[in-house]
There are 2 protein chains.
Amino acid sequence: MVESPKKAPSRSDPRRRPRQSAEQTQAEILDAAGRRLAEGGPDALRLQDIARDVGISHPTILHHFGSREGLMEALEKRATSALTEEVGRLLLSGRGVHDEAGGPLLESVGRAMNEGGLARLVAWWVLRDPSADHEEAGKITARVVELIRVRLEEEQDTLGGRPPSREEIAFTVRLAVLAMFGDALIGSQLAQVATPQKNAESERFRAWLGQLLAAHLRGAVTPLPEEHTGSKAD
Amino acid sequence: MVESPKKAPSRSDPRRRPRQSAEQTQAEILDAAGRRLAEGGPDALRLQDIARDVGISHPTILHHFGSREGLMEALEKRATSALTEEVGRLLLSGRGVHDEAGGPLLESVGRAMNEGGLARLVAWWVLRDPSADHEEAGKITARVVELIRVRLEEEQDTLGGRPPSREEIAFTVRLAVLAMFGDALIGSQLAQVATPQKNAESERFRAWLGQLLAAHLRGAVTPLPEEHTGSKAD
DNA sequence: GTATCTACTTACAGTATTGTCAGTTCGGAA
DNA sequence: TTCCGAACTGACAATACTGTAAGTAGATAC
């Protein structure tokens, strides 16, 4: 019987992928997974599909990441750390916080949320396990808030005016993040049909938001709802 | 052979659910599905689990909704139409738009997003199929925008000041919706650990946002990014 | 009272997907 | 060179979920 040995492909079988470094393959897998997630949602995140995209067999993914769950964690870790790095760099470079147009900071977060697929990833993550703590997010925002506070205090010396409180800043940052996050997910759904390109409207919205937030932080401080003073039950 | 006839339960079998009206059963199924979705995410939305919650067999769900997909659609339809009704009622009642505290409108949307699980439902929906059009959302927001515009023009006659453009209002409404949506999904992740109750912080944020938006619409109009309006940037 | 419609059930088919296993090849270390 | 670990593979096991089929029973119409 001349049956071909099914146990393994012959040595120079073209189907067999030339051996790569673990890093290389893992990166390719994560890239493909990210693309799948961005396009089709969590349901489209099947090991066999990802494997086909990369050109490997699906057990190879399990070999590298242990389990599907492990792959997801790696995916999330990579996405958040990339964002953290970029935000950190922007903050330290001194640009982007109180910039005229709302700053590259908003842009970079928006881009990570949209093109980077971070919004979809985070949404999926939160949907799956509402109680899961995503402590990275809290850390980043806290850091941004602190940086902005310092920056605004410096600015105050130059321009005068009273700087907003830390809670004011925190809420403003929170609003920015929520808006970018929400926009990435459902922005296109909210766009009015009037405008032909929904994408353009999204960009325009982002610019508008940048100005609104900057203006707000700059001077027009919205008074916080009755402080911890005798809170009248509404 | 004393084995019970497996073909169907005997007439007074306690396992057999007493016959209900279709509406009743469908409502119970939708309730259970909504609870599952809110707690555990889309992965937890399995027919067998839902059936067990209600106390029926899973083919009964298929009998009522045709397919799992049909169930999801019904779930979404119910959620959005509930929101649409409430928003419509609030708008027609004349309250909630330019109210001092941001209005019951923000509250009601926020509640639907949070407790109603609308945010999770929509997020799941969008994640699954990014290209799916959720036209209901566009309709509602367009309606809100128009109502606010009229309201503000009336107010202008009384208080003076120039009313914001329609795009201004649209962006503001969009911001409000995005914030509520995002807050329902990841608000708790962004809350600073400083505050003990994250829920309280979320409410406080909502109130603050209401004031910010109201103040913005009222007078401090942020100039839109350069467009045909030759408005001088700040 | 009979017929019919439909709410509801058990049993099962079909299928898809994750994870395991044993084996092959390659690169680097001893 | 020899040997070992790891990248990689095809085949398969295990599981789980949706959907179908066929049958029972209660309600309503006639």
Side-chain angles (χ1 to χ4, degrees), chain A residues 3-30 32-33 36-37 40-75 128, chain B residues 1 3-30 32-33 36-37 40-75 124 128:
Chain A
E3 92 262 319
S4 58
K6 287 289 181 52
K7 285 302 181 171
S10 52
R11 76 179 62 189
S12 57
D13 193 317
R15 289 172 307 184
R16 181 121 189 172
R17 147 177 260 225
R19 190 191 184 94
Q20 312 273 336
S21 76
E23 273 185 17
Q24 169 72 17
T25 301
Q26 287 171 13
E28 284 181 34
I29 294 173
L30 289 178
R36 285 265 167 194
L37 185 69
D43 284 350
L45 208 53
R46 279 162 300 202
L47 296 187
Q48 306 215 10
D49 292 343
I50 301 171
R52 202 179 316 122
D53 289 348
V54 180
I56 57 180
S57 65
H58 87 269
T60 299
I61 299 180
L62 293 171
H63 167 71
H64 283 292
F65 294 97
S67 68
R68 184 188 139 105
E69 190 69 18
L71 171 63
M72 310 297 322
E73 281 172 21
L75 196 58
R128 263 192 77 224
Chain B
M1 304 183 291
E3 94 255 321
S4 56
K6 287 292 179 54
K7 285 301 181 171
S10 53
R11 75 180 60 187
S12 57
D13 193 317
R15 290 172 306 183
R16 181 125 189 170
R17 148 178 258 226
R19 190 192 182 94
Q20 312 272 337
S21 78
E23 270 185 19
Q24 170 72 17
T25 300
Q26 287 171 13
E28 284 181 35
I29 292 173
L30 289 176
R36 285 265 167 196
L37 185 68
D43 285 349
L45 209 54
R46 280 163 301 202
L47 296 187
Q48 305 215 7
D49 292 345
I50 301 171
R52 201 179 316 122
D53 288 351
V54 179
I56 58 180
S57 64
H58 86 267
T60 299
I61 300 179
L62 294 171
H63 168 70
H64 284 291
F65 295 97
S67 68
R68 182 188 140 104
E69 191 70 17
L71 171 64
M72 312 297 322
E73 281 172 20
L75 197 57
W124 179 82
R128 262 190 81 225

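Side-chain atoms are counted along with the backbone in the values below, which use heavy atoms only and exclude waters and symmetry mates. Just so we're on the same page: letters track the sequence lines, and every chain starts at 1.
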Query - Euclidean distance, atom CD of residue B/Glu69 to atom P of D/dG19 [Å, nearest integer] - result: 9 Å
Requested in this report: Report the distance from atom CZ of B/Arg68 to atom P of C/dG14, rounded to the nearest whole Å.
Outcome: 22 Å
Got a list of side-chain donor-acceptor pairs under 3.5 Å for residues 54-61 of chain A, not counting sequence neighbours?
from, atom 1, to, atom 2, distance (Å)
A/Ser57, OG, A/Thr60, OG1, 3.3
A/Thr60, OG1, A/Ser57, O, 3.4

Report task. Scan B/Gln20 against the nucleic acid and name what it touches under 4.0 Å (heavy atoms): base, sugar-phosphate only, or nothing. Result -> sugar-phosphate
Requested in this report: Look at the side-chain N and O atoms of B/Thr25 and state whether any lies under 4.0 Å from the OP1 or OP2 oxygen of C/dC8.
Outcome: yes
Requested in this report: Give one of base, sugar-phosphate or nothing for A/Ser67, where a contact means two heavy atoms less than 4.0 Å apart.
Outcome: sugar-phosphate
Query - Gap between atoms CD1 and P, on A/Ile29 and D/dA7 respectively (whole Å) - result: 10 Å
Query raised in the report: Can a side chain N or O of A/Arg19 be found less than 4.0 Å away from OP1 or OP2 on C/dT25?
Result: no
Query raised in the report: Under 3.5 Å, is there an N or O donor on one side and an acceptor on the other linking the side chain of B/Arg17 and the base of C/dT9?
Result: no
Query raised in the report: Does A/His63 have a side-chain nitrogen or oxygen under 4.0 Å from the phosphate oxygens OP1 or OP2 of D/dC8?
Result: no
Query raised in the report: By salt bridge (Lys or Arg N to Asp or Glu O under 4.0 Å), which residues pair with B/Glu28, not counting sequence neighbours?
Result: B/Arg17
Query raised in the report: Looking at B/Leu71 and B/Phe65, what are the two nearest heavy atoms and their distance?
Result: N-CB, 3.8 Å
Query raised in the report: When we call it a touch if two heavy atoms are under 4.0 Å apart, what does A/His64 touch: a base, just sugar-phosphate, or nothing?
Result: sugar-phosphate
Report task. Report yes if at least one side-chain N or O of B/Thr60 is closer than 4.0 Å to OP1 or OP2 of C/dA7; otherwise report no. Result -> no
Query raised in the report: Could you give the CG-to-C1' distance, from A/Leu62 to C/dC21, as a whole number of Å?
Result: 13 Å
**Report entry** From B/Arg19 atom CZ to B/Gln24 atom CD, the distance as rounded to the nearest 0.5 Å
**Finding:** 14.0 Å
Query - Value in whole Å for how far the C1' atom of D/dG19 lies from CG of B/Leu47 - result: 9 Å
